[in-house]
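First up is the structure itself, then whatever we jot down about it.
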Amino acid sequence: MRSDLMKKGLERAPHRSLFKAMGYTDSEIARPIIGVVNSANEIIPGHIHLDRIAEDVKAGIRMAGGTPVEFPAIGVCDGIAMGHEGMKFSLASRELIADSVEVMAMAHPFDGLVFIPNCDKIVPGMLMAAMRLNIPSIFVSGGPMLAGDTGGKKVDLISVFQGIGQVKARTMTVGELKALEDRACPGCGSCSGMYTANSMNCVTEALGLGLPGNGTILAVHAARRRLAKEAGVRVMDLVKKKVKPRDIATLEAFKNAIAVDMALGCSTNTVLHIPAIAHEAGINLSLDLFNRISEKTPNICKLSPAGDHHIEDLDAAGGIQAVMKEISRLGVINRKVPTVTGTTVGENMKKARVLNREVIRTVDSPYSKEGGIAVMRGNLAPDGAVVKQSAVAPEMQVKEGRARVFDSEDGAIAAILGGRIKPGDVVVIRYEGPKGGPGMREMLGPTSAIVGMGLGKSVALLTDGRFSGGTQGAAIGHISPEAAEGGPIALVRDDDIISIDIPKKKLTLKVSDGELTRRKKDFKPRPSSVKSGYLARYAQLVTSASTGAIFRED
């Protein structure tokens, strides 16, 4: 056993003594020791209940003859960090989470690991750590939140963000917004739509590292607790059989996960995280792979923000296994890929059934023939840009407009809520990329304001930053190279014409090559306001969004 390094033999008597100082018995020390990575805290609704999930995981480990040892991981609530300087730390926390898990699992050689994440950067950070460490591991998330309800209408966190714009546009009163605020998020769990947290938990299940149900069983359902116990039991079998994350998360498994991503219409943040996770497994995933899979995988679900359904509806309709079974009819799912269940993808989905065809459509009658996400290129984004095309109105799929340029998210929000953005404008927000932000802030504030102000079908937003999974509309992010690296987005000026063609995946700044060359000659990047601390170090190490915003390895 790997844990023998810290507990077996004469020379390890001092080590065993330290275990005994914590109350561990000789019998417990002799068993396989399983690290339980618990990201519980009191600042994220999706994590407030994870101590209970951890207790269930530990019960499962003990039932199967192991000794659980719990340790913590940090987490940022993207919703609470949104719209201020705190959001710069969200994506940056992903690398810290991966590094801290590596530190704990290398300093203390566990035989296996159970990861308990739930929300936005915690899931990919832990997945990156699992790939890097490559010791037997399983994931069990805390589960999604119930949708809220106002007078029989389902609502969620994004409803509240959009309500701000509605109040500014005088289509909602302050009192109505207060009532919405009180009811939109009714309890614990990751926010109830197909936002980044739920997207990544569904991707984890599709990848084969979480048990069936990991992505959709609600946080408040007893089935979530049973799943946690089963995860504790299953990790012991993975340890016994020496099945490691990279044995499961092969290139074919990542292709399966991307296909599910496209079918569901997941968050654009998955295009940052999936390549970063694959990188830790020694697999290079190009952005073009997302387009190739999207071309073969129809979008068969429209969950909030793209539609009216929520994760609770997807779970009731059959969950991720039912989605995988449906799209497997097109040959986009490799059934032979192993999973943490001990059986293959094909075996796992044998019993799956679609129970509601309004929630999970057939591949013969999809919402669109292509998947939910598209990677765009052009002279404005030579290295790529990302759009959640399933959440873009038909009239915005092909669009030309005059640029309204802002060097920060804050300036753009003020202009939108101040009524200075008009139908037909293309809002450009730059210096919000991984290096320029630094930290690549999400743009849920301005996109929600655009929708709330009634401009969702007439105004596009482009940025070298990124968007929340709750974003809808013609919101194109991850524009690479970013402004801080001298990318073409840094050269855009007010009143330049920008052409958007989502079906053709083209993003064009309609300025001559000669003029762009002249502008490039005069270009000087805006200096970062961050001079010290973690963000300053992050800016020095982080790479482009087109490579998953991973750290340079030189």
Side-chain angles (χ1 to χ4, degrees), residues 193-196 198-199 202-203 206 252 254-275 285-309 314 320 322-334 354 357-378 381 384-399 456-457 460-462 466-467 469 471-479 499-508 546:
M194 189 52 76
Y195 316 139
T196 304
N198 291 323
S199 294
C202 291
V203 162
E252 291 304 311
F254 278 103
K255 289 179 179 178
N256 283 351
I258 294 171
V260 171
D261 186 342
M262 296 302 163
L264 292 173
C266 287
S267 164
T268 52
N269 282 315
T270 58
V271 184
L272 272 179
H273 300 320
I274 293 175
L285 290 186
S286 73
L287 291 183
D288 294 329
L289 179 63
F290 285 82
N291 274 349
R292 291 198 297 272
I293 293 175
S294 180
E295 288 166 2
K296 298 184 292 184
T297 311
N299 176 215
I300 61 173
C301 299
K302 270 198 183 292
L303 301 153
S304 179
D308 295 328
H309 299 132
L314 177 60
I320 301 309
V323 171
M324 294 180 78
K325 190 170 186 177
E326 179 63 30
I327 62 175
S328 70
R329 293 170 51 198
L330 299 175
V332 297
I333 295 294
N334 186 323
V354 177
R357 283 296 183 187
E358 290 185 11
V359 178
I360 304 174
R361 288 192 174 186
T362 69
V363 293
D364 303 312
S365 181
Y367 286 102
S368 61
K369 292 182 179 180
E370 290 193 0
I373 293 174
V375 175
M376 305 177 70
R377 295 186 188 272
V386 182
V387 63
K388 189 172 185 174
Q389 60 183 348
S390 60
V392 179
E395 51 266 60
M396 293 297 290
Q397 293 281 333
V398 179
K399 164 82 176 175
K457 296 182 179 180
L461 193 156
L462 278 57
R466 61 194 178 92
F467 296 109
T471 290
Q472 60 177 292
I476 301 170
H478 306 198
I479 290 177
S499 172
I500 299 166
D501 192 328
I502 294 174
K504 292 183 179 178
K505 301 176 177 62
K506 296 292 291 183
L507 188 59
T508 307
S546 64

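All values reported here derive from a predicted model rather than from experimental measurement. Reckoned from all heavy atoms, side chains included, excluding hydrogens, waters and symmetry mates.
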Once rounded to the nearest 0.5 Å, what's the spacing between atom [atom1] of [X] and atom [atom2] of [Y]?
| X | Y | atom1 | atom2 | answer |
| --- | --- | --- | --- | --- |
| E326 | T362 | CD | OG1 | 5.5 Å |
| I373 | S267 | CD1 | OG | 6.5 Å |
| I293 | M262 | CD1 | CE | 7.0 Å |
| L303 | C301 | CG | SG | 5.5 Å |
| C202 | L314 | SG | CG | 6.0 Å |
| I258 | L289 | CD1 | CG | 4.5 Å |

Heavy-atom distance under 4.5 Å between the side chains of [X] and [Y], does that happen here?
| X | Y | answer |
| --- | --- | --- |
| F467 | H478 | no |
| L264 | V323 | yes |
| I502 | V398 | no |
| S294 | Q389 | yes |
| V260 | I320 | yes |
| I327 | V363 | yes |
| Y195 | C266 | no |
| M194 | S199 | yes |

Charged N to carboxylate O under 4.0 angstrom, [X] versus [Y]?
| X | Y | value |
| --- | --- | --- |
| K302 | E358 | no |
| R329 | D364 | yes |
| R292 | E295 | no |

Kindly indicate, with the supporting measurements, whether the criterion side chain to side chain donor-acceptor pair (under 3.5 Å) is fulfilled by T508 and S499.
-> CA-CA 5 Å; T508 307; S499 172; 5.0 Å; no

Only one of M376, K506, Q397 passes side-chain contact (heavy atoms from CB on, under 4.5 Å) with I500, and that residue is M376

Result for side-chain contact (heavy atoms from CB on, under 4.5 Å) between N291 and one of E370, K505, R377 points to K505

S390 backbone acceptor or donor facing N299 side chain under 3.5 Å = no

Does G265 offer a backbone N or O that forms a donor-acceptor pair with the side chain of K388 under 3.5 Å?
-> yes

Greater than 12 external heavy atoms within 6.0 Å of D308's CG | no

Shortest non-hydrogen contact from [X] toward [Y]:
| X | Y | value |
| --- | --- | --- |
| V392 | G473 | CG2-O, 3.3 Å |
| P275 | L272 | CD-O, 3.7 Å |
| T297 | A259 | CG2-O, 3.3 Å |
| K457 | A393 | CG-CB, 3.9 Å |
| G384 | V375 | CA-CG1, 4.5 Å |
| A385 | I476 | CB-CG2, 3.7 Å |

Can you list the steps and then say if I300 with Y367 is a side-chain contact (heavy atoms from CB on, under 4.5 Å)?
-> CA-CA 6 Å; I300 61 173; Y367 286 102; 5.6 Å; no

Decide yes or no on side-chain contact (heavy atoms from CB on, under 4.5 Å) for K325 and V354, but give the supporting numbers first.
-> CA-CA 9 Å; K325 190 170 186 177; V354 177; over 6 Å; no

Going through the distances and angles, do T268 and V387 end up as a side-chain contact (heavy atoms from CB on, under 4.5 Å)?
-> CA-CA 7 Å; T268 52; V387 63; 5.7 Å; no

